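These notes concern the structure reproduced below.
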Amino acid sequence: MYDINVFGPFRRRGYGSAVLAATEELVAREGRTALALDVVGSNEAAIAMYRRSGYEVSSMSMRENL
C-alpha cells in the first residue's frame with residue numbers, strides 16, 4: 001500500500017483505521033497473505049495506528065539533507 005491520506009480536520013475519528021481494515025479484508029479475499037505499506041518516519045500518528053493494527057517495521061530508509 002502506498003498512501004492513506006486523511007485530511008487534518010478528519011483525523012483521530014477512525015477513518016484511517018477503517019480504510020486500512022477494508023484494504024486488509026480486500027487483499028485477504030484476493031488470496032494474498034501479506035500487506036506492506038510505506039510511512040513517513042516523522043508521522044508518529046500514522047506509525048502508532050499501523051502498530052495498533054499489527055504492522056511491524058520490515059525495512060528502513062534513511063537520508064540526510066545536505
Side-chain angles (χ1 to χ4, degrees):
M1 176 181 314
Y2 186 73
D3 194 20
I4 295 176
N5 188 5
V6 178
F7 293 107
F10 302 101
R11 291 183 185 147
R12 311 280 312 160
R13 297 184 184 186
Y15 295 123
S17 296
V19 168
L20 187 58
T23 302
E24 291 171 349
E25 183 179 316
L26 174 65
V27 169
R29 213 174 338 146
E30 293 292 322
R32 308 282 195 244
T33 59
L35 180 62
L37 52 87
D38 293 325
V39 60
V40 175
S42 62
N43 191 342
E44 294 178 14
I47 292 169
M49 179 190 70
Y50 297 136
R51 288 189 187 277
R52 282 191 306 273
S53 296
Y55 288 77
E56 301 174 344
V57 174
S58 61
S59 67
M60 183 182 297
S61 297
M62 299 178 76
R63 78 175 198 186
E64 177 183 12
N65 292 328
L66 302 177

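Every heavy atom of this structure was used, including side-chain atoms; hydrogens, water molecules and symmetry mates were not. None of these values were measured; they are calculated from a predicted model.
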Do [X] and [Y] belong to the same hydrophobic cluster, where Ile, Leu, Val, Met, Phe, Trp and Tyr are linked whenever their side-chain heavy atoms lie under 4.5 Å apart, directly or via other members?
X	Y	answer
Tyr55	Leu26	no
Val57	Val39	no
Val19	Ile47	yes

Where [X] and [Y] come nearest, the two heavy atoms and their spacing:
X	Y	answer
Tyr15	Phe10	CD1-O, 3.2 Å
Thr23	Leu35	CG2-CD2, 4.0 Å
Leu20	Ser53	CD2-OG, 3.6 Å

CG on Asp38 to OH on Tyr50, rounded to 0.5 Å |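 The distance works out to 9.0 Å.
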
Does atom CZ of Arg32 have more than 12 heavy-atom neighbours, drawn from other residues, nucleotides or ligands, at distances under 6.0 Å?
-> no

